[in-house]
Amino acid sequence: MSAYLEVSGVNQRFGGLQALNDCGFAIAQGGITCMVGPNGAGKTTIFNVITGFLRPDTGHVAFRGRRLDGLRPQAIVAAGIARSFQNLRLFVDLTALENVLIGLPSGFGEAPLGALFRPFHTARLDRARRAQAMERLEHVGLADRAAEKVRNLSYGEQKLLTVARLLATGAELLLLDEPASGLAAGALDQVMALLRRLQGEGKTLLVVEHNTRVVQQIADHVLFLHQGHLMAEGTPAQIIADPALAEIYFGGAL
Amino acid sequence: MDYFYSYLILAEIYVLLGLSTNLLVGVVGIFSVSQAAVFGVGAYIVSDFLLSGTLSFLPALAVAAVACIVLNVLLTLPSLRVSGDYFVVTSFGIQLLATAVFTNWTGGTGGANGLPGVPPPDLFGFPLEETRQILGFTTVAAGLGCLAFWLAMRAPYGRLLKAIREDELAVAAAGKDVLRAKVSAAALAGAFAGVAGGVYATYMSFIDPSSFDLDASVLLLTMVVVGGARTLAGSIVGPFVLLALPQLLQLVAIPTTVAASARQLLYGVLLIAFAVFRPQGLAGERL
Amino acid sequence: MRMSRFWLAAVAAGALLGAAAPARAKTIELGALLPLTGPGAVIGTEQMRGIQFAVDELNAKGGIDGDKVHVIYDDDQAKSDQAVLDFNKLVSLQHVPMIWLAYSGPTLATAPLATRRHILILNSGAQSDALQKASPYLVNTLPSTEEEVKVMVKYLRAQGKSTAAVLYENDAAGIGGRDDFVKDFKAAGGKIVAQEPVQFGQTDFRPALLKLASAKPQVLYVVTTVGMVPLADQLHEMNHKWLVAGTTFMNNPQVIADPNAAGLIHTQVEANVSPALMAAFQKKMGVEMGFFSRQYYNSAQMIFIILDHMIKAKTPITGANMRTELFKIKTFATPVPMTFTSNTAIVPIAIEEMKNGTEVTITHSVAK
Amino acid sequence: MLLLQLLVNGIVTGCALGVVAVSFALVYATTRIFHIAHAGVYTLGGYLAWSLLAHGVPEPLALLGAMAGCTVLGAAIQHFLYAPLERRRATHLIVLIASLGALAVIQNLIAAVYSSDILEFTIPWASAVVTLGGLRLTGAQLATLALSLAAFVGMLWFAHRTLLGKRIRAVASNPFLAEITRLEPRAVYVTVIAIASAVVCIPGVLVPLDLGLQPYGGVTPLLTATIAMIAGGVGSLGGAFLFAVVIVVLQNLSLLVMPGEWSIGVTFAIFVVFMLFRPRGLFAAG
């Protein structure tokens, strides 16, 4: 049986830096997998490779048995994988609702000819899409902030909004880059609860996370990356218990 | 009365150009300094067809629009490879190259002598010779342009373009085809500029490279700044104000020998004042 | 709102203008559309000085039969769309019957409007051949380059010169002059060995001159409108052996005063004014009276003569009447004699040589 | 001989433009401001020198006086225009527009004061011709070559050997980092523009010494200089200088193979193609 998502033999070099070194791992459907490792381990780079923002020097990415490497980002989203960014990358001059609308799969009126020559049709379909986007906002608890410009939202709200935008794509495998970083305790719990809920709804999550508390609480499975290579994997308890990994991770500070 | 008519006609032609520039610079964020070159190509194509008698006005205008769509897409392609200031300078280069072609390709453009005697526009065989008739035509053309801009901006398409200006990568991550959206915006902007060029040539009846040079491109950019980015109102207000400005400055009493430089100086001061005190222009959003 | 304040200012300015206008009841208003800013301003301001000096002189003498003349200057930056706008403003708002123009672009752009609205437009600065037939209402007081070229080619061939190179300005005036010269010189049995353009306002002529020099011509024909002093200096610096021949544009007090210019010859559309006038001009304007100042001074004198006739005959001062009157008078003895059998004046053309800071006339001729 | 003379003329003009390019590149690399008004500073330098000479000031002092004037103007533009804009978080385009406005103000002030006629310097040694082998150069050209090279070497020395130069390069490479290490980018910015303005004054005086002064004459040199900077790679002063020389030499030599009216067009066509294939310049730093 082939894995749900399978990454194998990926090498990526930037000038003199070997960012990914024969990186390979597999992810099962339906779980929350956390990816940990020290800074510069290649976590964000592998995200970029999986989602088509980087074309690796060598190696393959397969999703549900289908090869994805070499496809453009939008084709990968269409195949069912979407990602968020560590630095959010929201459209701060648009409203919360509009941000989610951009996430929705392309529809009528997103190309100029349709927008210009069938305005009423466009408007009717857009109303339906707005309702859909509103649902996503409700899902993450931001419905009352729909008309607010993103720059006026709190950091916690912005983090939730990235998840709503991600959900809007309809992807079944979600790649989240540090969804909990920088959050106060209350917002942190809110985000963790949301991730759990998404898992319950049938999504598969791959999460880059630094906070060991978060990893312990949500991860079904942990991947440990070091110098662009998968060094270890296992349950959160197994990984955290391994002194050699802690040495690498915290540089001996613990 | 003709003065106000000719002011309105030119302002309306510049509204089409303002829409074109605003779409590219304000909405999508492609800082093109070569829109006047596209405008010029539209003007020369229509003039050449009318002067040689091969096509009548409306078909010639259609050809010009198509040519400018293709041209503008080609001209904005570098923006996919080079970004920010690099594109601005590349675009400067394109504009100067275009000026060189307009000035030296005597066969197609009449060179520095320009093309005199371009016939007036005609609609299905009825020539529009009176200024009033031309005004009617440009009003319809500018009106249609505004309608198109408005429809595009309120549709999901406009939202997509605004998102691209803010963060191209995030748009791609949301599963959208950024390339297609950018190319289509450049195409739309090219169509506006091409039509504006054709109408301009037939109204003026004489064109030469000086109307399509770097100064003209900078003027278009200034219209977006003064009018305001990303809004329909901004694209309309900018051209109307900037064309009126030199005329209003003529009313300021200054000794004759230095009057003209003093007026240009005031124009510079005004640009600075807008940049410092009102970066969103008269009726737009912050650039 | 800033915006409303802006418009308020505009309206206030307009009101001021409206209030000021009726005060000049006995004033004849004329228009002038010249490039007063931008690269063309070098020439435009010189032209403006010529007109203004003539007007001040006239008004100081009491005007025409008591009526003062006032010229409204508009800056078209040598751009045709600005010129159309300004033309319409001068005609619709200020109701001027005639307008001075410069540069072929703006002149050609306003010519159809002049025909339609019966406004006399007067070009005393551009020489492009296209101007000859652009409009019945367009009158040129400067003969076309073609006329000057004919005179020069005849002289050069008579001197036994058979090979020539051309240095021309890459604009309407320069290209027109080049085309005329190439055609006429070949027709007269000569050979063109090289031609090279320079941009308007460019003052580094060295690359072009070096290239032309390598073709070893006997004559260098120059058709440029500005930058004559650097040109003379750079020619001198090359220690060349050829005869340098130019057009009227070479006539510039600074060039004549430049010792490096000795030996240059050029055709001269006669625009001589008395030394006393030159001195008065220098005193009032602070600069020497250049060729364009003299041209526009002369054409202003012509307009005053026309107006004088019309006021005496009580003819209403309109563009159409001014045009009719112009062709009725036909010959004007402004400091320079001008005759109109077509829209372009017949003016004497001389060939002059620069020597020791002055000019010496070699031959005289009359265009056409 | 023709080739050699064209080459040498090109090198002379190219060196002068190179100094314009280097000074512009210094400003751009440090502040990321597209300082179009630099063309105005360049133009003002020549006019100031002309006025000082007209009042009988000796030549070296006139040059220094003009440089002082340019320094003040440059610093004023930074202090009264760019700094407030930065505080208001103005975008790139807005700063560019403001700079264009400043250029219009400077040019037209000059035109109003000096008129738009071409002004000539009358200095005998400047127009005297020196013959070297078969080459003919004027005094002004020789002075341009010598002082431009000196200015360029001086700039290189300053950027790489002095503390202030190193600070400037630190701010250029990372203003944020510089800020947290208390390098005060704002103070550095004023200094940079002041220095660049003083330096650009040198070609600003010497080129008109040879070719005359025009109020709107600074734009073309600046555009060429900008292209040289981009082609040479932002942050590489040597690259900017070299490319300025190469561009002008090529423009001069291109006359040998094609009609002169196309030389500018071809230059820009090559540049546009170049940008497509080498968008970061030839000697890009980093």
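Bear in mind the structure is a predicted one, so any value in this text is a computation, not a measurement. Letters go in sequence order (proteins before strands), and every chain restarts at 1.
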Just so I understand: if I count every heavy-atom pair under 4.5 Å between each of C:Arg206, C:Lys211, C:Glu196 and chain D, which residue has the most?
C:Arg206
Rounded to the nearest 0.5 Å, what separates atom CG in C:Leu209 from atom CD in D:Gln5?
11.0 Å
By a 4.5 Å heavy-atom criterion (distance strictly below it), what part of C:Asn170 contacts chain D: side chain, backbone, both, or neither?
side chain
Could you tell me the separation between the CD atom of C:Gln254 and the CD1 atom of D:Ile118, rounded to the nearest 0.5 Å?
9.0 Å
Chain D contact via C:Glu46 - which portion, at a heavy-atom distance below 4.5 Å
neither
Say you draw a straight line from CE of C:Met228 to CD of D:Glu120; how long is it, rounded to the nearest 0.5 Å?
12.0 Å
Show, in sequence, the C-alpha distance, side-chain angles and deciding distance for D:Thr13 and C:Asp204, and conclude whether the side chain to side chain contact (heavy atoms under 4.5 Å, CB included) test is met.
CA-CA 9 Å; D:Thr13 320; C:Asp204 184 3; 4.0 Å; yes
Is C:Gln195 close to chain D through its backbone or its side chain, or both, or neither, when contacts mean heavy atoms under 4.5 Å?
neither
Find the one option among D:Thr122, D:Leu255, D:Asn9 whose heavy-atom pairs under 4.5 Å with chain C are most numerous.
D:Leu255
Checking C:Glu237 against chain D: side chain, backbone, both or neither under 4.5 Å from a heavy atom?
both
Could you check if a side-chain atom of D:Thr138 sits within less than 4.5 angstrom of a side-chain atom of C:Asp233, using non-hydrogen atoms only?
no
Interface moiety of C:Asp258 toward chain D, non-hydrogen atoms closer than 4.5 Å
neither
Using a 4.5 angstrom heavy-atom cutoff, name the option from D:Gln107, D:Gln141, D:Gln251 with the most pairs to chain C.
D:Gln141
Donor-acceptor contact below 3.5 Å, side chain D:Gln214 vs main chain C:Gly201:
yes
Kindly indicate whether the side chain of D:Ser115, heavy atoms from C-beta on, has any atom under 4.5 Å from the side chain of C:Arg49.
yes
Look at D:Asp210, D:Asn252, D:Leu211 and state which one has the largest set of heavy-atom pairs under 4.5 Å with chain C.
D:Leu211
Return yes when atom NZ of C:Lys284 has more than 12 non-hydrogen atoms of other residues, nucleotides or ligands closer than 6.0 Å, and no otherwise.
yes
